[in-house]
Amino acid sequence: MITPQIRRQGIISFLVVVCTCFVCIDISAQLFTRVKDDPVVSDGRYSEGASWGDINNDGYEDVFVPHLHTELNNALYLNDGDGSFSQRVTGPIVSDSARSTGGSFGDFDNDGDLDLFVSNYYGLDNFLYFNNGDGTFSKVTEGSIVSDGGHAFGSSVVDYDNDGYLDIYVTNGAEIPDGENNFLYHNNGDGTFTRILTGPLVNDGKSSSAGSWVDYDNDGDQDLFVADGFTEDVSQANNSVYQNNGDGTFTEIDPVSIGIEHSQSSNGSWADYDNDGDFDLFITNFIGRNNNLYQNNGDGTFTRMAAGVLTSDGGDSVSSAWGDYDNDGDVDLYVTNDFNENNSLFRNNGDGSFTKLFQVQPSTEGGRSNGATWVDYDNDGFLDLFVPNGQRPATQSNILYRNSGSSGNNWINIKCTGTASNRSAVGTKIRAKAVINNEPVWQLRAVSGSTGFNAQNSFNVEIGLAKAAIVDSLVVEWPSGQIDIYTDIAAGGFYEATEGIGLNLTTTHFNKEAPVLPIIQSFQTYPNPFSSSAVISFDLEYPSHVKLDVYNLLGQRVAGLINAFSQAGPHKKTFDASGLPTGVYFYQLEVEEKIHTRKAVLVR
C-alpha cells in the first residue's frame, strides 16, 4: 500500500501546471477491431445511450443499454471477463417495459455496490433500482423520484452539495415545443430522495437534452452546463450555465457573458484537452450546424477556438466522448452523428490542434448514433469504444470497437473510493505528472457521473503516459476537500485510491513490462495424500482475479473451483474428490497471467 503524503485542504495551490510541446505518435490504420457475434452488438434496439459500471464488483465493466420504444425491454450485459458479454434475462431492470432514454449508475446508498437510475420519455415515470449486493437489483416503487413523470431525455449523478451522497439530475423537454422544467433530486442519505423545487436549475422550462457537470472554475464544487437546443424551434435554443455557489444553491450565468454562444445544441462534454489544468468544453450541435470547442481561460471565461477539423464538420451531431485512446498523454475526441451520417474520430496532436482520422473504422461507419462511451472493457489498459445506435427506419445494432493497443504506450488506471466523499467518488479530480517526450507534463481528469448525451463511462480514471514508466506525482482532490498525494507510481497497473487511506495496486493486467509483484505468498494442499477431500489454501498479497482448477494426469479438467476477483489475504477452498478415482491430480492456480501448479495424490 502507498499512503498519501499530504492530506489537507488548500495544498493544491502549490502546483504549477506545465503545458509543453508534444510529438505525435504515428499509429497504424488498424486502430480498432469491430466486435461481432456478441449479445452486446446484436440487440437491434433503439438505443439513445449506454452506461458502464461494475455491478457485481468482479473487476470488469458491465453495461446498461436502454431502449426507446416498447417492443423490447431495456438490456443489461454482464462482462464475462474474457472479452465477451452475457445478457441478463431476469430481474426488474430487464423486465420493465418503458420508453427509456438513458441510465445513470451510482452508489446512492454508499454500501459499496452500484445502483441504477433510468430516465424515461413520453411523460412516463422514471425508474430507480438498488443493488442487493450480489449483482441483482430491487426496484423502488415509492417517492417522487419514481412518480414525477416528465419527458426525460437523460440523467446524471452528482454530489452537488458535497454532503457525501450522490444526487440525481434529470434533463427534460427535448423536442417538446413548450419545453419543460428539469428535475433535481437531493439524496437524503437514507435511500430516499427529495425533489428540489426552487432555484434556476429546476425552473428553466427549456428543451433540455443533456446536463454535464464539472468544476470548471476550480473552486471545489460541481458546476453545470445544460444543452437546451435539441429542438427545431430556434427561440428555444438557449444553452444554460449554472455556477455552484458552494452552499447547495446555484447562480444562472448567461453563457454569452463568459464566451459560450447559444446554438441548437444536443450535448456538452468537458475535458482538459490542452493539459493546462482546467476543463474545456466541446458542444455538439444539431440540424446541420458546426460544433464548437471552447478553451477555458482559467478565470471563469472561455474562448471559442478558431475553425478547424473539429469545428467545421457540420452535420447532425448528437454526442461526444473524450478519451486518450492511444495513451500518448492527451485526450482525443469521438463525435456521433444521427441520420446515418458517419461518425468522427479526432486525434489530439498535443499542440491545440486535431487530426480527423480517415480510413479508420470508427470514423467511416455511422448510423443513428447517440451517446458513445470510452471504456476499457477487457482490462488491457487501452480504451475501447461503444457506440449506441437507433433503429428507425432500419434495424441497427450497437457497435463495439476493441482497441488494438497498437501504440504500445504506457498507462495507469485508477478506481477512486470515497470515505468522507460519496463512495463512487464522483467529482474527484486527479492530476498526474509524468515525463512525456522529455518534458514534465501534468494531466487532469475527473470522476464523472455523465459523459455527454445519455452516456456514462465507467468511474475509473484512465491516463495515458506515452513511454513514461513512472507517474512522478499523483494528486487526488476529493469532493470533501481532502487531498492525497502519491509519488513514483509504476505504469501499467490498475490501482484503487481510497480517500485519506492509500493507493493499492489491484492488478497489472496484460502489461508485460509492469513490475513483477509477489502476488502469491503461499499455495498448498492439506492433507496430501488425501482420501476424499482436500483443502487448498493460498494467500494473495494484492486483490486480483483468481482462477483455480483441478486436472488429472491426462490434462483433463475435473473441477473448476474459483473464477472470480478475490480480495487480498488468505483463502481456502475445499475440493471434493468423492466421485473421482484414485490417482495423481494437479491443482492449477492462475493469478495475473502467472500459473502456479501443485500435485496431490488421492488414495482410497
Side-chain angles (χ1 to χ4, degrees), residues 1-7 11-12 14-23 25 271-277 322-332 348 350 374 376 379-383 405 407-417 425 428-447 458-478 482-517 542-543 592:
M1 175 186 290
I2 304 170
T3 55
Q5 294 178 315
I6 300 176
R7 302 174 185 167
I11 195 67
I12 199 64
F14 83 94
L15 291 175
V16 177
V17 179
V18 181
C19 183
T20 63
C21 61
F22 291 78
V23 176
I25 298 174
D272 183 13
Y273 82 91
D274 51 2
N275 286 342
D276 68 348
W322 295 95
D324 187 2
Y325 73 84
D326 51 2
N327 284 340
D328 66 347
D330 44 47
V331 289
D332 312 292
N348 191 330
W374 292 104
D376 183 8
N379 285 1
D380 66 350
F382 287 86
L383 289 175
S407 72
N409 286 329
N410 287 330
W411 48 270
I412 187 173
N413 187 302
I414 305 167
K415 175 186 177 182
C416 294
T417 300
T428 298
K429 287 182 285 189
I430 293 182
R431 301 176 191 267
K433 186 185 77 170
V435 176
I436 297 178
N437 299 318
N438 300 316
E439 296 286 345
V441 175
W442 281 99
Q443 296 183 62
L444 172 64
R445 300 287 191 275
V447 180
S458 79
F459 292 120
N460 286 25
V461 171
E462 302 94 356
I463 301 174
L465 299 171
K467 300 306 179 184
I470 294 290
V471 175
D472 299 324
S473 298
L474 188 72
V475 181
V476 186
E477 302 174 49
W478 302 89
Q482 169 92 14
I483 295 177
D484 296 336
I485 298 179
Y486 309 95
T487 58
D488 298 329
I489 313 303
F494 286 75
Y495 293 85
E496 181 173 7
T498 304
E499 182 178 8
I501 296 177
L503 184 73
N504 278 329
L505 177 67
T506 59
T507 181
T508 55
H509 283 283
F510 298 107
N511 192 312
K512 305 302 182 184
E513 298 179 358
V516 178
L517 300 169
Y542 302 97
E592 302 306 319

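Of all heavy-atom pairs spanning Asp272 and Gly277, the tightest one is OD2-N, 2.9 Å. The two residues Asn410 and Ala491 make their nearest non-hydrogen contact at CB-CB, 3.9 Å. When every heavy atom of Asn409 is checked against every heavy atom of Asp326, the shortest pair comes out as ND2-O, 2.8 Å. Residues Ala466 and Asp328 approach most closely at CB-O, 3.9 Å, considering heavy atoms. What you find for Ala432 and Val471 is that their closest heavy atoms are CB-CG1, 4.1 Å. Asp376 and Phe382 get closest at one heavy-atom pair: OD1-O, 3.2 Å.
With sequence neighbours left out, the ring pair (Phe, Tyr, Trp, His ring centres under 6.0 Å) criterion links Tyr273 to Phe354. Ser473 is linked by a side-chain hydrogen bond (donor to acceptor under 3.5 Å, both in side chains) to nothing, counting only residues two or more places apart in sequence or in another chain. A search for side-chain hydrogen bond (donor to acceptor under 3.5 Å, both in side chains) contacts involving Glu462 returns nothing, not counting sequence neighbours.
Of the possible polar contacts, none joining the Asn413 side chain to the Asn379 backbone as a donor-acceptor pair under 3.5 Å is found. Of the possible polar contacts, one joining the Asn327 side chain to the Gly381 backbone as a donor-acceptor pair under 3.5 Å is found. Judged by distance alone, with hydrogens and angles left aside, the side-chain atoms of Asn348 form a donor-acceptor pair with the main-chain N or O of Val331 at under 3.5 Å. At least one donor-acceptor pair closer than 3.5 Å links the side chain of Gln443 to the backbone N or O of Gly464.
Phe494 has its ring centre less than 6.0 Å from the ring centre of Trp411.
In this structure, CD1 in Ile501 is found 9.0 Å from OG1 in Thr417, a value given to the nearest 0.5 Å. Distance CD1/Ile414 to OH/Tyr495: 8.5 Å, rounded to 0.5 Å. Between Lys415 atom NZ and Asn460 atom CG the span is 7.0 Å, to the nearest 0.5 Å. Between Thr487 atom OG1 and Asp472 atom CG the span is 9.0 Å, to the nearest 0.5 Å.
Taking the side chain as every heavy atom from C-beta outward, Asn504 and Thr498 never approach each other to under 4.5 Å. Residues Asp324 and Ile463 are not in side-chain contact: their nearest non-hydrogen atoms beyond the backbone lie 4.5 Å or more apart.
Of the residues listed (Ile483, Asp484, Thr428), the one engaging Glu477 in a side-chain contact (heavy atoms from CB on, under 4.5 Å) is Ile483, and it is the only one.
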